[in-house]
Amino acid sequence: MKKYLVLSMLFAVLLVLAACGSDTSEEKVEDKIWDSIQESGELIVGTAGTLYPASYYPEGSDELTGYNVEVFREIAERLGVEVKFETMAFDAMLSALQSGRVDMIQAGPREASREKFAFSEPVKYSFATMIVRADDLSGIHTLEDLKGKKAGGAATTVYSDIARKFDAEVVTYGNVTNDAYLRDVHNGKTDTVINDYYLQSLAIQAFPDFNITLHPDLKFHPTTNNVVVQKDATTLLEEVNEIIAEMKEDGTLTGISAEFFGGLDVSKEPEEEVIEIKGVE
């Protein structure tokens with residue numbers, strides 16, 4: 001009887017050890033990116049550095065700031081690491097993340113990117129609108145009027161996909177500042193810029209002499225902005241989601257939003273009626 005009892009206990013111990021070994025192995029795989037960040041004590045973030053008020057250098061300053069930037073700084077501080085920013089064009093960000101050049105970026109989830117990357121809970125809610133010429137709305141009164149128009153934007157954004165869906169010609173740019181996009185609408189080289197409502201509403205305020213305005217009638221395609229990490233950065237994503245929940249609960253996101261969006265809270269879903277566009281994510 002004692003012999004069977006000893007064997008049973010030994011078997012149970014072996015099962016526990018085997019389970020522990022399995023968990024440790026799985027944890028190493030899941031924590032590879034997070035372990036690297038903890039070891040280096042540094043979080044490397046990809047951001048534009050040219051888009052007011054999300055990520056930009058104030059005039060006369062070499063200190064990067066903006067809503068996205070300050071959200072990243074807060075996340076890094078709560079993770080207990082330093083943050084280093086790499087500035088790049090939006091079209092290059094996902095490639096930089098996939099290659100491991102950066103640890104995270106901010107972007108909206110799309111069907112193709114969901115398959116390759118992992119997205120946090122939203123840190124920003126918005127919708128799309130158009131900047132058009134103020135004197136004639138660039139001849140655009142409905143989304144269908146985009147046909148044959150020229151829309152300035154980055155090649156791989158959902159905003160450019162919307163332009164293409166309605167048969168506009170997309171005029172692409174590198175990592176340029178807002179004035180390049182807006183000046184081209186003003187002088188007629190392009191007809192519109194489709195982009196985020198909050199970003200555009202503030203951007204045009206910086207250029208009061210330009211013949212541009214936000215389209216008064218067209219609000220469409222609700223969007224979110226999320227922290228994006230590599231697909232296997234499971235632990236990092238869990239940590240980031242916990243921090244985002246804390247930042248919403250303690251009012252930190254609301255405070256950062258108020259600073260950069262004229263007192264508005266982009267961390268909450270807008271109440272405006274927004275047109276859904278089928279076939280575009």
Paired with Trp34, the side-chain contact (heavy atoms from CB on, under 4.5 Å) test is passed by just one of Asp103, Val240, Leu236, namely Leu236

Apply salt bridge (charged side-chain N to carboxylate O under 4.0 Å, His left out) to residues Arg133 and Asp191 and explain how you reach the verdict. CA-CA 7 Å; Arg133 283 183 288 280; Asp191 299 295; 2.8 Å; yes

Worked verdict on Glu121 versus Asn241 for side-chain hydrogen bond (donor to acceptor under 3.5 Å, both in side chains): CA-CA 6 Å; Glu121 291 299 307; Asn241 273 330; 5.0 Å; no

Heavy-atom side-chain proximity of Val185 to Val193 below 4.5 angstrom: yes

Do we see a donor-acceptor contact under 3.5 Å between the side chains of Asn195 and Gln200? no

Is it true that Arg78 and Asp250 have a side-chain N and a carboxylate O under 4.0 angstrom from each other? yes

Between Leu143 and Ile194, is there shared hydrophobic-cluster membership here, with clusters defined by ILVMFWY side-chain heavy atoms closer than 4.5 Å? yes

May I ask you to test the Thr224-Lys124 pair for a side-chain heavy-atom distance under 4.5 Å? no

Leu214 side, atom CG; Ile131 side, atom CD1 - distance, nearest 0.5 Å: 6.0 Å

If you apply the rule side-chain contact (heavy atoms from CB on, under 4.5 Å), what do you find for Lys116 with Leu97, and how did you get there? CA-CA 10 Å; Lys116 299 179 181 179; Leu97 181 60; over 6 Å; no

For the residue pair Tyr67 and Leu253, establish whether any side-chain heavy-atom pair is separated by less than 4.5 Å. yes

Could you report the tightest heavy-atom contact between Gly108 and Ser113, atom names first, then the distance? O-OG, 4.4 Å

Is Glu70 salt-bridged to Arg73, cutoff N-O under 4.0 Å? yes

Donor-acceptor check, side chain of Lys149 to backbone of Ala163, threshold 3.5 angstrom: yes or no? no

Is any side-chain N of the basic residue among Lys219 and Glu273 closer than 4.0 Å to the acidic one's carboxylate O? no

Spacing of CG belonging to Asn187 relative to CZ belonging to Arg183, to within rounding of 0.5 Å: 8.0 Å

Run the numbers on Arg101 and Glu86 for side-chain contact (heavy atoms from CB on, under 4.5 Å), then give the verdict. CA-CA 9 Å; Arg101 177 182 166 187; Glu86 296 273 355; 3.7 Å; yes

Can you name the one residue among Tyr159, Tyr125, Tyr197 that meets side-chain contact (heavy atoms from CB on, under 4.5 Å) with Thr223? Tyr159

Verify side-chain contact (heavy atoms from CB on, under 4.5 Å) between Phe166 and Ile277, making sure each step is shown before the conclusion. CA-CA 10 Å; Phe166 291 96; Ile277 299 177; 4.1 Å; yes

Closest approach of Pro208 to Gln205 (non-hydrogen atoms, all atoms of both residues): CD-O, 3.7 Å

Ser257 side-chain N/O to Leu264 backbone N/O, donor-acceptor pair under 3.5 Å: yes

Without swapping roles, check the side chain of Ser160 against the backbone of Ala154 for a donor-acceptor pair under 3.5 Å. yes

With the side chain counted from C-beta on, respond yes when Val45 and Ile105 share a heavy-atom pair under 4.5 Å apart, and no when they do not. no

Going by heavy atoms in the side chains, are Ile204 and Asn178 under 4.5 Å from each other? no

Worked check of side-chain hydrogen bond (donor to acceptor under 3.5 Å, both in side chains) between Asp265 and Thr254: CA-CA 5 Å; Asp265 190 355; Thr254 299; 2.9 Å; yes

With the threshold set at 4.0 Å, does a side-chain nitrogen-carboxylate oxygen contact exist between Lys32 and Asp35? no

Supply the atom-to-atom distance Gln38 CD to Thr235 OG1, rounded to the nearest 0.5 angstrom. 9.0 Å

Hey, are Glu246 and Lys248 close enough for a salt bridge, meaning a charged N less than 4.0 Å from a carboxylate O? no

Verify, without hydrogens or angle tests, whether Thr50 (side chain) and Thr177 (backbone) share a donor-acceptor contact under 3.5 angstrom. no

Give a yes or no on whether Phe260 and Tyr57 share a hydrophobic cluster (residues Ile, Leu, Val, Met, Phe, Trp, Tyr; joining criterion: side-chain heavy atoms under 4.5 Å apart). yes

Pairing donors with acceptors under 3.5 angstrom, does anything connect the side chains of Ser120 and Asn226? no

Could you measure the distance from the CD1 atom of Ile244 to the CD atom of Glu249? Nearest 0.5 Å is fine. 14.5 Å

Are the side chain of Thr129 and the backbone N or O of Leu218 linked by a donor-acceptor pair below 3.5 Å? yes

What are the two closest non-hydrogen atoms of Val176 and Tyr173, and how far apart are they? CG2-CB, 3.8 Å

Should the ring pair Tyr56 and Tyr52 be called parallel, tilted or perpendicular, given that the plane angle runs from 0 to 90° and is split at 30 and 60? perpendicular

Measuring from Asp91:CG to Thr157:OG1, what's the distance to the nearest 0.5 Å? 7.5 Å

What do the steps show when you test Leu43 against Met104 for side-chain contact (heavy atoms from CB on, under 4.5 Å), and what is the final call? CA-CA 8 Å; Leu43 180 70; Met104 63 176 60; 3.7 Å; yes

With hydrophobic residues grouped by side-chain heavy-atom distances under 4.5 Å, do Phe72 and Val266 end up in a single group? yes

Looking at side-chain heavy atoms only, is the closest gap between Ile75 and Met247 below 4.5 Å? yes

Phe127 and Tyr198 aromatic ring geometry - parallel, tilted or perpendicular at 30°/60° bounds: tilted

To the nearest 0.5 Å, tell me how far Asp217 CG sits from Ile140 CD1. 12.0 Å

Check the pair Glu74 / Thr252 against side-chain hydrogen bond (donor to acceptor under 3.5 Å, both in side chains), numbers first and verdict last. CA-CA 9 Å; Glu74 185 68 22; Thr252 300; 4.7 Å; no

Glu42 side chain near Val83 side chain, heavy-atom distance below 4.5 Å: no

Give the intermediate values and the outcome of side-chain hydrogen bond (donor to acceptor under 3.5 Å, both in side chains) for residues Arg110 and Thr156. CA-CA 11 Å; Arg110 307 186 67 189; Thr156 61; over 6 Å; no

Is there a continuous path of hydrophobic side-chain contacts, each under 4.5 Å between heavy atoms, that joins Val71 to Leu79? yes

Has the side chain of Asn211 got a donor or acceptor atom that lies under 3.5 Å from a matching backbone atom of Ala134? yes

Flag yes if Leu64 and Val123 sit in one hydrophobic cluster, no otherwise; membership is Ile, Leu, Val, Met, Phe, Trp, Tyr, and two members link when side-chain heavy atoms are under 4.5 Å apart. yes

Could you check whether Ser126 and Asp196, counting side-chain N and O atoms only, form a donor-acceptor pair closer than 3.5 Å? yes

Counting only heavy atoms not in Lys189 (residues, nucleotides, ligands), do more than 12 fall under 6.0 Å from its NZ? no

Got Val229 and Phe117 here, is their nearest side-chain heavy-atom distance under 4.5 Å? no

